[in-house]
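Data first, discussion second: the structure below is written as structure tokens.
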Amino acid sequence: MNVPPILLALGVVLLALALWLRWRIGLPWARVVAEDVSQGRPTQRALYARRYGLTGRPDYLIERHGSLIPVEVKPSRQARTPYHSDLMQLAAYCLLVEESSGRAPPYGLLRYADKTFRLRYTAAVRAELLAIVDEMRDQLEAEDVERSHTEPARCAGCGLRTICEDSLA
Ligand code: SF4
């Protein structure tokens, strides 16, 4: 079958575009199983870890060597080392993948503007995450909770700023 040159050229352009987008996002070359960042509807349902009362949807789920790997993308964030809060968010996605698929991912990926970090999903990381979840649950039940940081920028972007007595912004 003869493929018209215009279609061939279009195919090359689309392939180049796909490669460029993947490079921009920082995803490894792996099958994207689900994503939550497209303009239309997400291609992925929320993941649940019922016994821990957690639910969420990572930006991407990719498949590598038979494992589902969660990917969280913070396109405007630039830092030499990842924020601990971002790592714990990623750890939560690893737990969600583990609980919903029955198989723990060996790691998760955190993408900043120009760098990708890998978080190994170890027993220690899992235990740290569950300790934080417990602490958060206790604080949700407490009547008064102290601010846990000194960063005005975090308060500036917080949806509770207008009613929070501890706000720095
Ligand atoms: S505004 Fe209040 S709740 Fe929001 S980040 Fe600041 S201290 Fe925390």
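The basis for the numbers below is simple: all heavy atoms, side chains too, and nothing from hydrogens, waters or symmetry mates. Just so it is clear, the model here is predicted, and its values are computed rather than measured. In listed order, ligands and their atoms are each counted from 1.
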Item checked: Residue and atom, protein N/O/S, under 2.8 Å of atom 2 (Fe) of ligand 1 -> Cys164 SG

Item checked: Sole candidate of Val73, Asp59, Ile69 that passes side-chain contact (heavy atoms from CB on, under 4.5 Å) when paired with Leu109 -> Ile69

Margin query: Just to confirm my output: which protein heavy-atom neighbour is closest to atom 5 (S) of ligand 1, and how far is it?
Written below: His149 NE2, 3.4 Å

Check: Got a sec, which pairs hit salt bridge (Lys or Arg N to Asp or Glu O under 4.0 Å) with one end in residues 89-102, sequence neighbours left out?
Finding: Arg51-Glu99, Glu98-Arg126, Glu99-Arg126

Next item on the list: Heavy atoms only: give me the nearest Ala113-Gln78 pair and the separation to one decimal.
Entry: CB-CG, 3.6 Å

Next item on the list: Apply ring pair (Phe, Tyr, Trp, His ring centres under 6.0 Å) to Phe117 and list each qualifying residue two or more places apart in sequence or on a separate chain.
Entry: Tyr112

Next item on the list: Please name the pair of heavy atoms, one in Tyr83 and one in Arg77, separated by the smallest distance, quoted to 0.1 Å.
Entry: CD2-NH1, 3.6 Å

Under 3.5 Å, sequence neighbours excluded: what are the donor-acceptor pairs made by side chains of residues 161-169?
| residue | atom | partner | partner atom | Å |
| --- | --- | --- | --- | --- |
| Arg161 | NE | Ala156 | O | 3.4 |
| Asp166 | OD2 | Arg147 | N | 3.0 |
| Ser167 | OG | Ala169 | N | 3.2 |
| Ser167 | OG | Ala169 | O | 3.1 |

